[in-house]
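Contents: one structure, followed by commentary.
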Amino acid sequence: MFMKYFPKVKCFITRFVKSPAIAEELTQDVFVKIWENFDKITGIEYRDAYIYRIARNEALDFISQRHQEEILVDNFKLKEDYSIEEEFYAKELELLVELIVNRMPSQRRKVYKMSRMEGLTNDEIAKNLNISKKTVENHLNLALKKIKKIISVFSLLSLFMDLHP
Amino acid sequence: MSKIRQIVQLFFEDDHPTETKQKFYRWFLAPISESEKEKALFEQWNRIESIADPSTKDSFNEVIARFGVDKRKQRLRVTPKLIRIAAVLLIPIITSLAAYLYVKNSETQSVEFVEYFTPNANLRTIDLPDGSSVTMNYGSIIVYPRNFTAKRREVFLSGEAKFTVSHDKKRPFIVKTNDMNIEALGTIFNVSSYVENSETIATLVDGKVRIDMKNSEENFILEPSQQIVLDRETGKTFIRQAKLELELAWEKGYLSFQNADIEDIMQEIQRKYDVRIYANYKEIKGEKLTVKFTPDESLYEIFKTIQLLINRFNYRIEGDNIYIY
């Protein structure tokens with residue numbers, strides 16, 4: 001059982017905490033806990049779900065203990081009559097876009113950020129990165145296409161997408 | 001695919017810079033859409049194909065070796081005391097940073113959210129921007145905007161807290177939890193909404209509140225000393241008279257239960273003493289207890305008492321871990 005589940009738990013925790021070293025430590029903790037319990041806990045019907053729960057709690061404890069007691073959350077623009085939920089919704093969308101952008105190939109990511117976050121024109125970006133304007137336009141098209149594809153159904157799309165001709 | 005599932009999946013599949021990681025963790029820990037987030041997490045677990053490789057054998061040996069060593073040595077955890085000390089040092093830095101950021105951004109009318117997390121084994125009281133105060137129980141998170149808007153005062157809660165709301169006719173004070181929203185004008189009330197518990201309970205001490213259920217169109221108005229109980233497993237809600245002294249005893253460090261599920265009791269013990277309880281609840285499921293433990297009672301005393309009250313209840317306490325069988 002160890003041989004079967006250890007890699008799975010470690011993989012899960014690594015993807016969550018993003019550090020193989022920490023994941024190794026936490027995974028060992030998980031199995032120590034399971035082991036000590038093994039003869040005492042009989043009749044666990046869903047072994048997989050049980051192991052998952054322990055792994056998840058271990059990982060969550062770790063990341064939430066790193067949380068300080070008071071933290072600032074990002075700013076974003078607000079209209080007086082939006083409720084907190086709508087604001088969190090917008091923030092979630094922002095996070096999603098950020099994750100998508102992080103996964104783009106490096107030059108495309110640079111182009112996108114320069115365009116959308118620094119507000120440079122396509123000409124300026126081309127000059128900056130020493131590439132042709134056409135390349136910049138291609139990159140932006142592909143980036144926006146990708147983002148649109150993943151976010152497709154949301155009506156706030158129009159706020160975020162601003163396709164240049 | 002839903003946005004939440006997307007976010008979790010994209011985060012899991014790749015590496016991300018520190019700033020993104022922090023945003024993700026903050027987002028994930030926020031008390032909103034908790035069950036969807038949990039489902040997404042479980043989905044990621046299920047997607048993993050497990051393949052053992054040579055290093056697994058080494059890890060195996062290490063785990064075996066650890067059984068001979070005091071496990072506490074290897075703790076990556078920061079103890080609550082350290083967190084408190086760190087927080088005391090951090091707060092002046094954070095608040096001045098907050099002031100700086102706020103001033104810098106006030107032209108764009110942006111809003112900052114403040115988030116408080118009380119770890120297990122900690123209680124704290126916080127003052128809100130409008131003069132209201134919140135006392136938080138172990139293992140709770142609240143989130144609210146640094147400055148309430150002109151139209152409403154909203155606070156998100158996951159866990160348990162007692163609110164003393166300052167009177168403001170123009171701005172309703174709304175506490176949002178996973179299952180229900182509680183709206184008040186000038187009043188004192190207690191909310192218990194832990195994700196791990198089987199019941200969500202809101203108790204009115206003084207004043208008046210209106211409760212809006214999230215899963216149905218129902219709403220309720222409570223009179224002082226009344227409480228509304230939502231059984232999360234059946235989805236049923238009912239109103240009952242609360243024993244206020246019992247309900248609010250947690251503030252003084254008491255653990256008090258009124259016809260509570262044994263599982264919920266275990267959750268509270270975990271939070272107050274910061275321990276882990278491993279149990280096969282099959283044998284004792286459905287057991288309900290009405291019992292009160294004083295603030296200074298030890299784990300040993302508590303479990304001895306529970307054993308007296310329930311049949312076939314066996315336990316073993318080992319440091320931070322308790323096993324029930």
Side-chain angles (χ1 to χ4, degrees), chain A residues 2-8 10-12 15-16 18 22 24-29 31-33 35-37 40-44 52 55-56 61-65 67-78 80-81 83-85 87-88 91-93 95-96 98-100 102-103 150 154, chain B residues 3 6-7 10-12 14-17 20-21 23-27 29 32 41-42 44-45 48 50-53 56 59-60 62-63 66 71 76-78 83 86-87 90-91 94 97-98 101 105 108-117 119 149-151 154 156 176 278 280 282 323 325:
Chain A
F2 183 95
M3 297 307 262
K4 183 168 175 232
Y5 277 102
F6 190 93
K8 185 167 181 176
K10 181 167 179 191
C11 181
F12 176 76
R15 291 182 180 178
F16 204 167
K18 300 297 184 200
I22 294 177
E24 174 74 30
E25 182 86 37
L26 292 176
T27 307
Q28 289 194 14
D29 284 350
F31 280 91
V32 167
K33 286 190 172 134
W35 220 275
E36 293 184 309
N37 243 6
K40 293 293 171 252
I41 309 287
T42 54
I44 295 281
Y52 160 72
R56 163 190 136 237
D61 273 357
F62 179 75
I63 63 171
S64 61
Q65 276 178 335
H67 243 46
Q68 290 119 38
E69 279 174 312
E70 180 189 349
I71 320 166
L72 290 176
V73 182
D74 317 289
N75 314 345
F76 51 89
K77 297 195 168 65
L78 150 81
E80 288 270 311
D81 38 323
S83 70
I84 288 193
E85 271 129 351
E87 288 157 22
F88 267 99
K91 208 162 73 83
E92 237 172 23
L93 211 47
L95 175 59
L96 183 54
E98 187 170 327
L99 289 167
I100 298 170
N102 284 347
R103 300 183 78 208
I150 295 187
F154 302 106
Chain B
K3 191 157 38 88
Q6 290 266 27
I7 291 178
L10 287 174
F11 180 79
F12 265 65
D14 232 323
D15 265 329
H16 292 277
T20 310
K21 282 199 313 201
K23 281 189 199 166
F24 174 81
Y25 294 137
R26 276 198 293 254
W27 168 82
L29 292 174
I32 307 187
L41 206 61
F42 191 54
Q44 290 306 309
W45 165 264
I48 300 176
S50 185
I51 309 168
D53 64 42
T56 311
S59 307
F60 180 78
E62 266 179 65
V63 172
R66 281 175 68 173
K71 280 157 233 101
L76 279 176
R77 293 178 184 193
V78 177
I83 291 178
L90 235 38
I91 282 171
I94 290 177
L97 184 61
L101 281 175
N105 287 302
T108 52
Q109 294 166 336
S110 48
V111 168
E112 297 164 11
F113 282 89
V114 177
E115 182 179 322
Y116 277 94
F117 170 67
T149 71
K151 296 208 179 146
E154 284 179 335
F156 271 105
K176 296 191 167 178
Y278 299 93
N280 180 358
K282 256 186 168 165
Y323 306 97
Y325 52 94

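First the proteins, then the strands, lettered A, B, ... as listed; each starts at 1. Here the structure is a predicted model, which means the values were calculated and not measured.
The line from CD of Gln6(B) to CG of Leu99(A) is 10.0 Å long, rounded to the nearest 0.5 Å. The distance from the CZ atom of Phe42(B) to the CZ atom of Phe12(A) is 9.5 Å, given to the nearest 0.5 Å. Annotation: the span from Ile7(B) atom CD1 to Glu98(A) atom CD amounts to 10.5 Å, rounded to 0.5 Å. We find the CG-CD1 distance between Leu29(B) and Ile63(A) to be 4.5 Å, quoted to the nearest 0.5 Å. Note that CZ of Arg26(B) and CG of Leu95(A) are 10.0 Å apart. Values are rounded to the nearest 0.5 Å.
Between Phe12(B) and Arg15(A), the shortest heavy-atom contact is CD2-CB, 3.3 Å. Across Lys8(A) and Trp45(B), no two heavy atoms sit closer than the pair CE-O, 3.2 Å.
Put simply, the side chain of Lys18(A) never gets that close to the backbone of Pro17(B): no donor and acceptor are under 3.5 Å apart.
The aromatic rings of Phe24(B) and Phe16(A) sit perpendicular to each other, their planes meeting at more than 60°, with 30° as the lower class boundary.
Remark: Asp14(B) engages Arg103(A) in a side chain to side chain donor-acceptor pair (under 3.5 Å) (not counting sequence neighbours). Judged as a side chain to side chain donor-acceptor pair (under 3.5 Å), and not counting sequence neighbours, the contacts of Arg56(A) are Glu38(B).
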